[in-house]
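This report refers to the structure that appears directly beneath it.
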Amino acid sequence: MAMSRRAVETYQNVPTTDQLMKILSNLYDADTNPDGYVSLGIAENTLMHDVLIDHMHKNMNIPKIALTYGDGFQRLKNAVARFLTKHFKPVTPIEPSNIHISNGLTPAIQNVAWATADPGDAFLLGRPYYVAFKPDVSRRTGVEVLPVSFGDLDPMGVDAVQKYEDAILKAKERGQRIAGIILAHPHNPLGRCYPHETLVAFMKLCQKYQIHLISDEVYALSVFENRVDKDAAAVPFESILSIDPTGLIDPSLIHVLWGMSKDFGANGLRMGITITQHNPNMQAALMSVFEFSWTSSLSDLVTANALEDDAWVESYIKENQKKLSEHHERVLLWAKKNEIEYSPGSNAGFFVWANLGAAYKKYHTGEIENLDKTVIDALLANKVFLADGIAFGAEEPGWFRIIFTQEAGYLDEGLRRIMLAIKGE
């Protein structure tokens with residue numbers, strides 16, 4: 001049977017998920033499946049699941065409205081606006097009308113791209129980047145994603161902003177419109193926050209060329225103390241909404257994303273938030289297609305119920321940040337012990353960006369034709385799954401993202417297997 005051209009082009013160009021499905025269907029358990037795969041490749045935080053589940057059981061009284069189309073997000077938007085105003089410290093308090101709800105950040109990013117760019121237009125994305133940004137933006141919109149390279153520059157430093165302007169000018173020369181810049185702030189996979197001066201430079205750049213600035217702040221509250229890298233000053237998180245845009249940028253160009261998946265370890269709730277404070281046309285555009293990413297009324301209820309409990313939220317955030325710091329320290333000490341290079345100064349997110357390729361070469365003499373594939377194959381042979389730098393647009397081979405937000409025994413087993421893969425034992 002004939003299929004649409006766009007469907008055929010999409011499935012032919014999208015990497016197969018067979019390997020990932022194989023891994024997820026055979027995960028390691030110390031007692032029931034010791035020969036399964038250890039997954040340190042998917043950005044999920046399991047450290048606080050018991051705390052959130054306990055709160056849900058103790059405080060959830062499910063009303064009949066949860067079985068309907070809901071209340072037009074009235075309760076949820078009020079709860080989210082109050083919560084984000086408190087924790088993001090925006091210059092202008094966030095109003096419920098500034099918020100758009102979607103079933104996760106994947107459709108949120110897709111909808112923002114659809115609303116701000118035409119097919120053939122492009123967004124700029126600095127390397128390394130969160131792997132899903134490219135398909136989220138491009139797959140169903142016809143909008144392109146252009147990676148920005150930095151060479152020896154710090155990709156999060158103020159000097160790197162010039163590279164974005166260079167890309168804008170090159171696009172102009174070939175007749176392509178740049179619609180905006182996408183930031184992961186805090187950064188995924190580097191685990192760092194953009195400094196104030198860099199954010200200001202981005203704001204000025206977007207104003208200069210009248211392009212949108214999308215700041216994905218989904219790890220905003222998953223910041224913690226880096227107990228190991230004392231020489232590398234960790235930058236605290238500062239929401240772009242907390243920077244006064246006066247004289248820097250037309251605030252209608254700023255859009256911020258957040259959700260429950262990371263800071264509350266609830267990927268499965270599928271709860272994404274888009275904050276657009278000064279652009280009613282953008283809000284109208286997002287609402288015109290909201291039914292395609294409508295959330296479950298049960299997810300709305302769970303989210304509102306959690307965010308409205310101020311005392312519990314404060315306790316949750318504090319305990320979560322403590323656990324993140326402890327597990328982050330565990331991986332960095334392992335890396336130092338085994339002389340594995342990693343990106344220093346990280347203090348946010350669930351990951352350590354590590355150069356496993358360089359470590360692999362220490363134990364294996366001779367020429368390695370494809371370092372990334374060689375290390376990936378070795379890891380999978382030892383039944384440990386990591387996200388590789390190829391997918392994340394790494395500028396150098398051999399880099400991998402290690403997720404540390406798993407129970408300590410599970411994490412240690414994964415780290416043990418990584419070393420087996422590197423050493424070839």
Side-chain angles (χ1 to χ4, degrees), residues 43 45 47-48 51-52 55-56 59 73 75-102 104-105 108 183-188 191-196 199 203 213-226 234-245 251 254-267 269 271-278 295 299-325 328 346-350 405:
N45 181 4
L47 303 178
M48 297 291 287
V51 177
L52 180 55
H55 184 271
M56 290 169 60
N59 296 276
F73 302 116
R75 179 185 174 191
L76 177 59
K77 285 188 175 183
N78 284 329
V80 170
R82 193 174 67 90
F83 170 81
L84 292 178
T85 295
K86 178 177 182 180
H87 292 281
F88 280 30
K89 300 177 174 57
V91 175
T92 303
I94 298 169
E95 300 292 337
S97 61
N98 304 152
I99 291 170
H100 183 77
I101 307 292
S102 61
L105 286 188
L183 303 179
H185 172 52
H187 195 279
N188 177 3
R192 294 162 52 199
C193 304
Y194 280 95
H196 176 87
L199 294 174
M203 295 167 82
L213 181 56
I214 296 97
S215 182
D216 181 347
E217 302 185 359
V218 72
Y219 291 100
L221 303 178
S222 297
V223 291
F224 50 84
E225 177 190 2
N226 183 324
V235 176
F237 172 75
E238 177 183 23
S239 173
I240 204 160
L241 296 177
S242 70
I243 300 174
D244 188 346
I254 295 176
H255 317 285
V256 169
L257 306 176
W258 183 78
M260 292 289 286
S261 56
K262 309 306 180 183
D263 288 340
F264 285 88
N267 297 53
L269 275 185
M271 180 57 60
I273 312 295
T274 304
I275 306 123
T276 298
Q277 288 190 288
H278 304 281
T295 53
S299 290
D300 298 352
L301 179 67
V302 169
T303 301
N305 189 67
L307 298 185
E308 288 168 347
D309 191 339
D310 290 346
W312 178 82
V313 165
E314 292 298 327
S315 172
Y316 182 99
I317 292 172
K318 185 176 180 180
E319 184 178 352
N320 184 46
Q321 292 176 343
K322 178 176 178 290
K323 288 187 175 183
L324 290 174
S325 181
H328 177 259
S346 56
N347 66 329
F350 307 159
T405 45

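Keep in mind that the numbers below use all heavy atoms, side chains included, and drop hydrogens, waters and symmetry copies. Residue numbers start at 1 and run along the sequence shown.
A distance-only check finds no donor-acceptor pair linking the side chain of S325 to the backbone of Q321 [under 3.5 Å]. Not one N or O on the side chain of S315 forms a donor-acceptor pair closer than 3.5 Å with the backbone of A311. A donor-acceptor contact shorter than 3.5 Å is absent between the side chain of S215 and the backbone of L183. Between the N347 side chain and the V235 main chain, a donor and an acceptor come within less than 3.5 Å of each other. Under a 3.5 Å cut-off, the side chain of K262 and the backbone N or O of A43 do form a donor-acceptor pair. The main-chain N or O of H255 is never found under 3.5 Å from a side-chain atom of T276 such that the two would form a donor-acceptor pair.
Looking at N320 and L221, their side chains never come closer than 4.5 Å, going by heavy atoms from C-beta outward. Between V302 and M271 there is no side-chain heavy-atom pair separated by less than 4.5 Å. V256 places none of its side-chain heavy atoms less than 4.5 Å from the side chain of H185. Residues N98 and H278 form no side-chain contact, since every pair of their non-hydrogen atoms from C-beta on lies 4.5 Å or further apart. Looking only at side-chain heavy atoms (C-beta outward), L307 and F264 come within less than 4.5 Å of each other. The side-chain heavy atoms of N267 and M260, taken from C-beta on, include no pair separated by under 4.5 Å. Contact annotation: the side chain of V313 never approaches that of K86 to less than 4.5 Å [non-hydrogen atoms, C-beta and beyond].
Between P96 and K77, the closest heavy-atom pair is O-CD, 3.4 Å. T274 and A108 get closest at one heavy-atom pair: OG1-CB, 3.6 Å. Closest of all the heavy-atom pairs between E217 and I240 is OE2-N, 3.1 Å. Closest of all the heavy-atom pairs between S222 and D263 is OG-OD1, 2.7 Å. In terms of heavy-atom proximity, T85 sits nearest to P90 at O-CD, 3.3 Å. Nearest heavy atoms, V91 versus I243: CG2-C, 3.5 Å.
Not counting sequence neighbours, the partners of D310 by the side chain to side chain donor-acceptor pair (under 3.5 Å) test are R82. Residues that satisfy the ring-ring contact (aromatic ring centres under 6.0 Å, His included) test with H100, not counting sequence neighbours, are absent from this structure.
With hydrogens and angles left out, the side-chain atoms of N188 and D216 include no donor and acceptor closer than 3.5 Å. Side chain to side chain, T92 and Q277 fail the donor-acceptor criterion of an N or O pair below 3.5 Å.
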Self-check item: Worked check of salt bridge (Lys or Arg N to Asp or Glu O under 4.0 Å) between K323 and E319
Solution: CA-CA 6 Å; K323 288 187 175 183; E319 184 178 352; 3.6 Å; yes
Quiz item: Between T405 and M48, does a side chain to side chain contact (heavy atoms under 4.5 Å, CB included) hold up when you go through it step by step?
Solution: CA-CA 9 Å; T405 45; M48 297 291 287; over 6 Å; no
Self-check item: side chain to side chain contact (heavy atoms under 4.5 Å, CB included) between I99 and I273, intermediate numbers included
Solution: CA-CA 7 Å; I99 291 170; I273 312 295; 3.8 Å; yes
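Of the residues F88, W312, W258, Y316, the one that meets the ring pair (Phe, Tyr, Trp, His ring centres under 6.0 Å) test with F83 is W258.
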